[in-house]
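Please read the structure below before turning to the comments.
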Amino acid sequence: MTSVAQPSSSAVDVTVLHVPVSDPRVRPLLRELGHEYSTRYGKDAHAEIARYPDEEFTEPYGGLLLLLLQCGEPVAGGAFRRYDATTAELKRIWTHSAHRRRGLARHVIAELEREAGARGYRRIYLTTGPRQPEARGLYLATGYTPLFDAEVDPETIGPLPFEKHLPAEARTARTGKAADL
């Protein structure tokens, strides 16, 4: 089942969809992420995409996958899964290679944070690879705190963990009251 959120009111005219991993429009996201990871980390990088069962990105399990569509085509997307009772973990943040540097990843993150807050999560956690300086810059620019020494060579750290605590007003359940997890 696909659900549609309100169309974006930002400068980028996109439609936000909540979709299951099985939706055919997710294929470009997974294909391009697999290529990106393999290019930067080697052949075993595809295992990262297959690491979590698809159902972890569905509402009953505390997760969500969303796509941004422009003219009906997927241009960006991302997901979160339940990390623990109060924390959502961002995964699969992606912007189609032909649509980068337009603010779409920021839009994806904002939508994921909004939805995580609406579901009562208080904190967002994520990791990115040490060979993804664009992602590292994106997370720093969108208010994420590095849980590592940012002065150290990222290659010596491994996956780079970040967190962001959601403000109380972002943690409003669909009922309009603050969620209490």
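Hydrogens, waters and symmetry mates are skipped; everything else that's a heavy atom, side chains included, is used. Heads up: numbering here begins at 1 and tracks the sequence.
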**Prompt:** Does Glu151 have any side chain to side chain donor-acceptor pair (under 3.5 Å) partners at least two apart in sequence or in another chain, and if so, which?
**Reply:** none
**Request:** Could you tell me which residues satisfy ring pair (Phe, Tyr, Trp, His ring centres under 6.0 Å) with Phe148, sequence neighbours excluded, listed by chain and number?
**Result:** Phe162
**Item:** Ion pair Arg119/Glu59, N-O distance below 4.0 Å
**Value:** yes
**Prompt:** Side-chain heavy atoms under 4.5 angstrom apart, residues restricted to Ile, Leu, Val, Met, Phe, Trp, Tyr: same cluster for Leu140 and Val152?
**Reply:** yes
**Asked** Ignoring hydrogens and geometry, is there a side-chain-to-backbone donor-acceptor pair from Arg40 to Arg131 under 3.5 Å?
**Response** yes
**Message:** To the nearest 0.5 Å, what is the distance between OG1 on Thr142 and CD1 on Ile109?
**Reply:** 4.0 Å
**Prompt:** If Ile, Leu, Val, Met, Phe, Trp and Tyr residues are connected whenever their side-chain heavy atoms lie under 4.5 Å apart, and connections chain through other members, are Ile124 and Tyr61 in the same group?
**Reply:** no
**Request:** Without swapping roles, check the side chain of Ser38 against the backbone of His35 for a donor-acceptor pair under 3.5 Å.
**Result:** no
**Item:** Hydrophobic cluster membership, Tyr83 vs Val108, 4.5 Å side-chain cutoff
**Value:** no
**Request:** Let me know which of Arg82, Arg51, Arg81 forms a salt bridge (Lys or Arg N to Asp or Glu O under 4.0 Å) with Glu89.
**Result:** Arg81
**Asked** Taking all atoms of both residues into account, what is the closest heavy-atom pair of Glu32 and Ser97, and its distance?
**Response** OE2-OG, 2.7 Å
**Message:** Rounded to the nearest 0.5 Å, what separates atom CD in Glu36 from atom CD in Glu134?
**Reply:** 7.0 Å
**Request:** Check step by step if side chain to side chain contact (heavy atoms under 4.5 Å, CB included) holds for Leu138 and Tyr144.
**Result:** CA-CA 9 Å; Leu138 171 67; Tyr144 284 79; over 6 Å; no
**Message:** Ignoring hydrogens, what is the shortest heavy-atom contact between Arg25 and Leu67? Give both atom names and the distance.
**Reply:** O-CD1, 3.5 Å
**Message:** Quick check: is Leu126 connected to Ile157 through a chain of hydrophobic side chains (ILVMFWY, heavy atoms under 4.5 Å apart)?
**Reply:** yes
**Asked** Looking only at heavy atoms, which two atoms of Thr128 and Arg136 are closest? And how far apart?
**Response** CG2-N, 4.3 Å
**Prompt:** Between Arg92 and Leu29, is a side chain to side chain contact (heavy atoms under 4.5 Å, CB included) present by the stated rule, with each step listed?
**Reply:** CA-CA 8 Å; Arg92 316 284 186 263; Leu29 177 152; 4.2 Å; yes
**Request:** Would you mind reporting whether Arg123 and Leu166 have side-chain heavy atoms less than 4.5 Å apart?
**Result:** no
**Prompt:** Do side-chain atoms of Arg100 reach the backbone of Thr95 as a donor and acceptor pair under 3.5 angstrom?
**Reply:** yes
**Request:** Locate the shortest heavy-atom distance separating Phe57 from Ala79; write the atom from each residue and the value.
**Result:** CD2-CB, 3.5 Å
**Item:** Stepwise side chain to side chain contact (heavy atoms under 4.5 Å, CB included) check, Thr86 with Tyr121
**Value:** CA-CA 5 Å; Thr86 61; Tyr121 289 112; 5.7 Å; no
**Message:** Return the CD to CG distance between Glu155 and Leu160, rounded to the nearest 0.5 Å.
**Reply:** 9.0 Å
**Prompt:** Under 4.5 Å between side-chain heavy atoms, hopping through other hydrophobics if needed: is there a path connecting Tyr125 to Phe80?
**Reply:** no
**Asked** Roughly how far, to the nearest 0.5 Å, is the CG atom of Leu33 from the NZ atom of Lys91?
**Response** 10.5 Å
**Prompt:** What do the steps show when you test Asp84 against Thr87 for side-chain hydrogen bond (donor to acceptor under 3.5 Å, both in side chains), and what is the final call?
**Reply:** CA-CA 5 Å; Asp84 64 33; Thr87 306; 2.9 Å; yes
**Asked** Would Gln132 and Tyr41 count as having a side-chain donor-acceptor pair, cut-off 3.5 Å?
**Response** yes
**Prompt:** Nearest heavy-atom pair of Glu56 and Tyr52: which atoms, and what distance?
**Reply:** OE1-CD2, 3.8 Å
**All side chain to side chain contact (heavy atoms under 4.5 Å, CB included) counterparts of Asp54, not counting sequence neighbours** = Val21
**Message:** Please report the interatomic distance CG(Leu90) to OG1(Thr127), rounded to the nearest 0.5 Å.
**Reply:** 10.0 Å
**Asked** Once you round to the nearest 0.5 Å, how far does CZ of Arg27 lie from OG of Ser22?
**Response** 9.0 Å
**Request:** Provide the closest heavy-atom pair for Leu104 versus Leu68 in the form atom of the first, atom of the second, distance.
**Result:** O-CD1, 3.8 Å
**Message:** One pair to check against side chain to side chain contact (heavy atoms under 4.5 Å, CB included): Leu69 and Val75. What are the steps and the verdict?
**Reply:** CA-CA 6 Å; Leu69 302 181; Val75 294; over 6 Å; no
